[in-house]
Amino acid sequence: MNTFETDQQFSGKPRHECGICGVYGHQDAAKLVYFGLYALQHRGQESAGIVAGDGKKVLIHKDMGLVADVFSERTLQRLTGHLAIGHVRYSTTGQSNIINTQPFMATHKGMPLCVAHNGNMVNSIALRQHLEQQGSIFQTAMDSEIVIHLLVRHLDKGLHEAIKTTFSCIQGAYSLLLMTQDTMIAVRDPNGFRPLCLGMLDNGAHVVASETCALDLIEAEYIRDIEPGEVLIINEQGLTSLFPWAPVRKSYCIFEHVYFARPDSNVFGFNVYAARKRMGEILANEAKIEADFVMPFPDSGNYAAIGYSNASGIPLEMGMIRNHYVGRTFIQPTQSMRDFSVRVKLNPVRSLLQGKRVIIVEDSIVRGTTGRSRVKSLRNAGAAEVHMVVSCPPTRHACYYGIDFPSSDQLIAAGNTVETIRDYLGLDSLHYLSEAGLVEATGLPHDHFCLACFSGNYPIKPDKNFTKEAFSSCGC
């Protein structure tokens with residue numbers, strides 16, 4: 001049995017990646033992007049930023065913190081123009097500090113270039129080293145800055161050709177927005193790892209966002225997804241769609257449906273709420289357990305728990321109550337107040353749990369430390385039996401495409417059997433949803449998804465060492 005130490009920097013859940021939103025063609029573009037980022041706050045809580053342009057000048061504001069803390073009415077009034085892009089961040093590449101906040105902006109020959117990026121480049125180390133050898137000076141530790149350095153090398157060929165050459169050199173996951181003083185460009189990698197969608201406002205302004213929930217908040221009509229491998233250029237000439245690269249197999253991130261995306265969003269063409277509920281229904285058929293009631297740990301397993309209850313006929317109850325007023329930090333308890341961090345956020349309903357057989361529905365188990373404390377709290381509240389069903393397969397492998405899964409040696413399912421994990425968590429039984437069942441719940445074909453965190457079969461190998469010949473062939 002591996003040892004799993006408590007880490008205050010790691011909550012026991014996979015960390016969110018980033019969220020992006022852009023608006024072209026509206027006089028209040030920055031304010032609309034602000035609300036779009038508000039809807040996407042779940043995708044990153046470390047920092048937020050918006051850059052806006054009016055065709056002549058570009059202004060930027062960004063800082064550490066939540067969207068509502070970073071922006072005020074005064075700062076938004078300063079961000080004038082019909083064009084804006086914004087970003088909420090959780091760092092997967094580059095430390096969490098003000099230098100690495102996005103959008104990233106630079107100026108080349110008097111032209112501003114800005115980028116807001118969701119994803120992770122798997123060859124960023126090799127690219128960075130190559131560019132530094134060629135004289136590039138980096139301001140940040142973000143892989144996103146590499147995009148700007150590559151772009152400026154080829155702008156003399158024209159923007160379209162510069163984009164084509166730049167992203168031919170980049171491998172990995174990138175749904176991103178580029179911006180000049182008068183143009184917004186959406187780019188999605190050929191595998192389509194991360195979601196990106198296009199919407200339209202009543203006045204004809206265009207919106208690009210990570211999830212459809214951002215469109216809903218600003219009352220934009222969903223038009224379509226940005227396709228894998230698509231470059232969409234939006235300016236005063238309208239929309240220009242380019243597909244510069246040969247198509248490859250789709251590799252949508254399955255964890256968007258399992259955990260990351262908001263349940264009211266449609267991601268990869270399928271509603272997230274419906275997918276999670278369906279996961280619970282399939283789990284009920286795969287893991288038949290006799291119990292008095294089904295319960296989630298709010299809010300992670302809520303929707304799969306509804307599905308499990310409906311399909312099994314076992315009543316759904318809320319055996320844990322969440323304190324919605326707990327901030328991200330609080331005064332740390334003394335050593336004698338063990339498990340305080342669990343109790344301050346979730347507290348069991350003792351009268352409901354006393355003597356009952358309980359099925360917990362969880363969306364994922366990463367390290368298991370949080371789950372272990374929560375199961376212990378149910379036992380202490382008098383639960384007679386505690387079972388757990390998980391709405392995805394065991395997570396055994398690290399992610400290199402923009403999700404902050406820890407390395408494999410920190411994943412509880414790597415090197416441990418289901419029975420060993422069951423005993424570590426203090427459960428009577430533990431059941432994971434099958435890979436086939438998970439994919440079935442999304443309504444999409446199996447070969448459309450990246451399932452590397454379960455299988456270890458990576459669509460793009462991480463940290464590929466580029467040779468000089470490889471850089472030459474892509475024009476870098």
Side-chain angles (χ1 to χ4, degrees), residues 13 254-255 257-259 261-267 270-322 346-365 368 370-372 374-395 413 418-419 421-423 425-444 446 454:
K13 286 289 185 181
I254 195 73
F255 251 85
H257 279 295
V258 172
Y259 181 80
R262 256 177 51 167
D264 50 334
S265 287
N266 293 330
V267 171
F270 198 85
N271 178 254
V272 176
Y273 180 100
R276 290 177 187 167
K277 186 177 176 182
R278 181 66 178 140
M279 291 171 200
E281 292 170 351
I282 296 171
L283 254 177
N285 291 323
E286 292 185 354
K288 298 182 184 298
I289 304 167
E290 292 186 5
D292 296 303
F293 64 83
V294 176
M295 59 168 282
F297 286 142
D299 291 313
S300 59
N302 288 5
Y303 311 104
I306 293 171
Y308 191 99
S309 175
N310 289 348
S312 66
I314 301 172
L316 175 68
E317 299 283 1
M318 300 303 291
M320 280 276 196
I321 303 302
R322 179 184 174 190
L346 292 172
N347 195 47
V349 183
R350 296 177 180 274
S351 60
L352 177 66
L353 291 160
Q354 185 67 43
K356 295 297 194 300
R357 300 167 299 170
V358 179
I359 301 173
I360 304 165
V361 182
E362 268 284 22
D363 53 24
S364 59
I365 305 174
T370 301
R372 187 184 192 189
R374 290 175 176 178
V375 171
K376 181 181 178 182
S377 70
L378 296 180
R379 297 282 194 193
N380 291 341
E385 296 178 13
V386 182
H387 306 268
M388 183 180 290
V389 294
V390 186
S391 60
C392 71
T395 305
V418 173
E419 291 74 20
I421 300 168
R422 176 201 64 200
D423 294 342
L425 295 178
L427 296 164
D428 291 284
S429 71
L430 172 63
H431 305 271
Y432 288 88
L433 181 61
S434 67
E435 187 176 299
L438 175 59
V439 174
E440 180 187 344
T442 69
L444 294 171
H446 191 280
F454 310 132

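One is the number of the first residue; the rest follow in order along the sequence. Both backbone and side-chain heavy atoms feed into the values below; hydrogens, waters and symmetry mates do not.
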Does [X] have any salt bridge (Lys or Arg N to Asp or Glu O under 4.0 Å) partners at least two apart in sequence or in another chain, and if so, which?
X: E440; value: R278
X: D423; value: none
X: R350; value: none

Partner residues of [X] under the side-chain hydrogen bond (donor to acceptor under 3.5 Å, both in side chains) criterion, sequence neighbours left out:
X: D264; answer: R262
X: R276; answer: none
X: R422; answer: none
X: Q354; answer: none

Just grab all the salt bridge (Lys or Arg N to Asp or Glu O under 4.0 Å) pairs involving residues 306-320, residues at least two apart or on different chains.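 Sorted result for residues 306-320: empty, none.
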Any pair counted as salt bridge (Lys or Arg N to Asp or Glu O under 4.0 Å), so long as it reaches residues 380-389, sequence neighbours left out: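 Residue pairs passing salt bridge (Lys or Arg N to Asp or Glu O under 4.0 Å), neighbours aside: none found.
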Taking every non-hydrogen atom, the tightest pair across [X] and [Y]:
X: S434; Y: P393; value: C-CG, 4.0 Å
X: I314; Y: A291; value: CG2-O, 3.9 Å
X: H257; Y: A275; value: ND1-CB, 3.7 Å
X: V375; Y: F297; value: N-CZ, 4.5 Å
X: A261; Y: V272; value: CB-CG2, 3.8 Å
X: P348; Y: L353; value: CB-CD1, 3.5 Å

Taking only residues two or more places apart in sequence, or in another chain, which ones meet Y273 in a ring-ring contact (aromatic ring centres under 6.0 Å, His included)?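 Scan of Y273 (ring-ring contact (aromatic ring centres under 6.0 Å, His included), adjacent residues dropped) gives Y303.
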Report the residues that fulfil side-chain contact (heavy atoms from CB on, under 4.5 Å) with K356, sequence neighbours left out, ordered by chain and then residue number.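 If we apply the side-chain contact (heavy atoms from CB on, under 4.5 Å) test to K356, skipping adjacent residues, the hits are D292, F293, V358.
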With sequence neighbours left out, what residues match A305 under side-chain contact (heavy atoms from CB on, under 4.5 Å)?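 Residues passing side-chain contact (heavy atoms from CB on, under 4.5 Å) with A305: V294, P296, L316, V361.
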Just how far is it from atom [atom1] of [X] to atom [atom2] of [Y], taken to the nearest 0.5 Å?
X: R322; Y: D299; atom1: CZ; atom2: CG; result: 4.5 Å
X: D363; Y: I365; atom1: CG; atom2: CD1; result: 9.5 Å
X: H431; Y: M388; atom1: NE2; atom2: CE; result: 11.5 Å
X: E435; Y: H446; atom1: CD; atom2: NE2; result: 4.0 Å
X: Y432; Y: E362; atom1: OH; atom2: CD; result: 10.5 Å
X: L433; Y: F454; atom1: CG; atom2: CZ; result: 8.5 Å

So [Y] and [X], do their side chains get closer than 4.5 Å, heavy atoms only?
X: H387; Y: L427; answer: no
X: F255; Y: T395; answer: yes
X: R379; Y: V386; answer: yes
X: E290; Y: R357; answer: yes
X: I306; Y: N310; answer: yes
X: I360; Y: L378; answer: yes

Identified side chain to side chain contact (heavy atoms under 4.5 Å, CB included) partner of S364 from the options P394, S391, C392: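 For S364, the side chain to side chain contact (heavy atoms under 4.5 Å, CB included) check succeeds only for C392.
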Is the backbone of L444 close enough, under 3.5 Å, to the side chain of T442 for a donor and an acceptor to pair up by distance?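 Yes; at least one donor-acceptor contact below 3.5 Å.
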Just wondering, more than 12 heavy atoms not from E419 lying within 6.0 Å of its CD?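 Counting neighbours around CD of E419, more than 12 heavy atoms of other residues, nucleotides or ligands fall under 6.0 Å, so yes.
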Start with the C-alpha distance between V258 and M279, add both sets of side-chain angles, then the distance that settles side chain to side chain contact (heavy atoms under 4.5 Å, CB included), and finish with yes or no. CA-CA 9 Å; V258 172; M279 291 171 200; 4.2 Å; yes
